[in-house]
Asks: 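Quick one: this structure, given as structure tokens, is what I'll be asking you about.
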Amino acid sequence: MKFLIIYYSDYKNNTEKIAHVFANEIDTELINIKDVNDVDIKDYNLIGFGSGVYRERLSPKLFKLVDKLNLRDENVFVFSTSGIGMKFYNKKLIKILESKGAIIKGNFACKGSFVAQEVTNNNLFGIIFAILGRLSQGHPNDKDFKKAKEFIEEVVDLL
Ligand SMILES: Cc1cc2nc3c(=O)[nH]c(=O)nc-3n(C[C@H](O)[C@H](O)[C@H](O)COP(=O)(O)O)c2cc1C
């Protein structure tokens with residue numbers, strides 16, 4: 001089987017670390033779209049789409065790329081890393097993938113570390129960000145990597 005993972009990761013490479021865990025489990029091609037605009041997705045059995053979360057959203061670059069792809073009947077999964085590590089950040093991308101006829105095989109999220117001062121200078125949210133930033137330190141950690149490993153095994157079992 002042929003696997004491809006397309007991801008955007010540029011802040012602390014947190015999302016890239018998760019992509020590498022997936023790649024260690026299944027022999028997959030990895031493409032960080034930070035410096036890439038077009039990707040050939042022909043002949044893959046499974047395609048993963050991942051991103052860090054930046055100001056409440058996955059990377060606009062990922063959305064732009066997905067918009068261009070023909071994903072009808074393609075098996076796909078979605079993953080993200082964010083300060084709070086919640087799956088709801090993936091919702092919009094999942095909706096778009098579904099609307100393009102892709103088959104969603106999985107949805108993964110975990111925390112990725114960030115430094116509050118680097119993310120916001122808004123005083124109102126400053127304290128909240130400072131707390132969230134503290135809680136995110138060290139992530140993704142070994143527990144996150146273990147979850148990522150289990151996740152990708154489950155996804156491949158579904159194929
Ligand atoms: C400019 C910026 C904005 C961010 N906004 C959010 C956010 O809205 N919610 C959140 O949970 N984390 C937020 N974060 C934290 C990142 O999602 C987290 O560090 C993520 O793991 C970054 O992924 P990367 O290292 O793969 O680029 C933000 C980080 C940056 C740099």
Side-chain angles (χ1 to χ4, degrees), residues 3-39 41 44 46-69 71 76-97 102 104-156:
F3 305 119
L4 172 67
I5 295 177
I6 297 167
Y7 64 94
Y8 182 95
S9 179
D10 80 339
Y11 175 50
K12 293 193 183 291
N13 295 331
N14 292 329
T15 313
E16 183 158 74
K17 286 177 193 156
I18 296 298
H20 279 133
V21 171
F22 295 152
N24 282 339
E25 288 310 303
I26 57 172
D27 185 17
T28 177
E29 233 170 283
L30 290 179
I31 302 177
N32 187 349
I33 56 164
K34 205 167 63 167
D35 309 308
V36 171
N37 291 317
D38 285 302
V39 175
I41 58 155
Y44 289 99
L46 176 70
I47 306 167
F49 293 96
S51 174
V53 171
Y54 315 98
R55 306 200 193 290
E56 303 290 315
R57 301 180 215 181
L58 305 185
S59 162
K61 201 158 181 195
L62 184 61
F63 285 107
K64 229 185 217 173
L65 179 79
V66 165
D67 192 44
K68 285 195 274 186
L69 299 177
L71 292 164
V76 302
F77 70 92
V78 169
F79 64 104
S80 68
T81 67
S82 63
I84 57 174
M86 304 292 279
K87 276 188 195 168
F88 67 74
Y89 286 128
N90 299 352
K91 267 192 189 164
K92 186 178 167 198
L93 178 59
I94 288 174
K95 266 201 174 161
I96 292 172
L97 291 168
I104 311 293
K105 295 289 183 183
N107 179 16
F108 180 86
C110 73
K111 278 188 195 155
S113 63
F114 74 97
V115 177
Q117 298 93 305
E118 291 171 3
V119 171
T120 182
N121 47 19
N122 181 323
N123 285 333
L124 189 60
F125 294 113
I127 291 178
I128 296 170
F129 269 84
I131 294 167
L132 291 176
R134 279 258 182 106
L135 291 173
S136 76
Q137 291 315 297
H139 288 274
N141 59 18
D142 285 348
K143 228 176 171 181
D144 300 316
F145 295 144
K146 185 167 175 274
K147 282 191 184 154
K149 182 173 175 282
E150 287 163 1
F151 166 81
I152 199 66
E153 283 167 359
E154 278 167 28
V155 168
V156 171

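The residues of the chain are indexed from 1 along the displayed sequence. Whatever order the structure lists ligands and atoms in, that order sets their numbers, starting from 1.
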Asks: Among residues at least two apart in sequence or on other chains, which ones pass salt bridge (charged side-chain N to carboxylate O under 4.0 Å, His left out) with Asp38?
Replies: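 Once residues adjacent in sequence are excluded, the partners of Asp38 under the salt bridge (charged side-chain N to carboxylate O under 4.0 Å, His left out) criterion are Lys68.
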
Asks: May I ask you to check whether Phe77 and Phe151 place their ring centres under 6.0 Å from each other?
Replies: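 Here the rings of Phe77 and Phe151 have centres that are less than 6.0 Å from each other.
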
Asks: Just grab all the side-chain hydrogen bond (donor to acceptor under 3.5 Å, both in side chains) pairs involving residues 105-117, residues at least two apart or on different chains.
Replies: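 Output for this query lists Asn90-Asn107.
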
Asks: Between the side chains of Glu118 and Lys12, is the shortest nitrogen-to-carboxylate-oxygen separation below 4.0 Å, so that they form an ion pair?
Replies: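 The answer is yes: the pair qualifies as a salt bridge.
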
Asks: Not counting sequence neighbours, list each pair that qualifies as a side-chain hydrogen bond (donor to acceptor under 3.5 Å, both in side chains) and has a residue in residues 131-142.
Replies: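 Applying side-chain hydrogen bond (donor to acceptor under 3.5 Å, both in side chains) to every pair that reaches into residues 131-142, excluding sequence neighbours, yields His139-Asp144.
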
Asks: Between atom CG of Asn13 and atom NE2 of His20, what is the distance when rounded to the nearest 0.5 Å?
Replies: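 Here the interatomic distance stands at 9.0 Å.
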
Asks: Anything with a heavy atom under 4.0 Å from ligand 1 counts, so go ahead and list those protein residues by chain and number.
Replies: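 Within 4.0 Å of ligand 1, the protein residues are Ser9, Asp10, Tyr11, Lys12, Asn13, Asn14, Thr15, Gly52, Val53, Tyr54, Arg55, Glu56, Thr81, Ser82, Gly83, Ile84, Tyr89, Gly112, Ser113, Phe114, Val119.
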
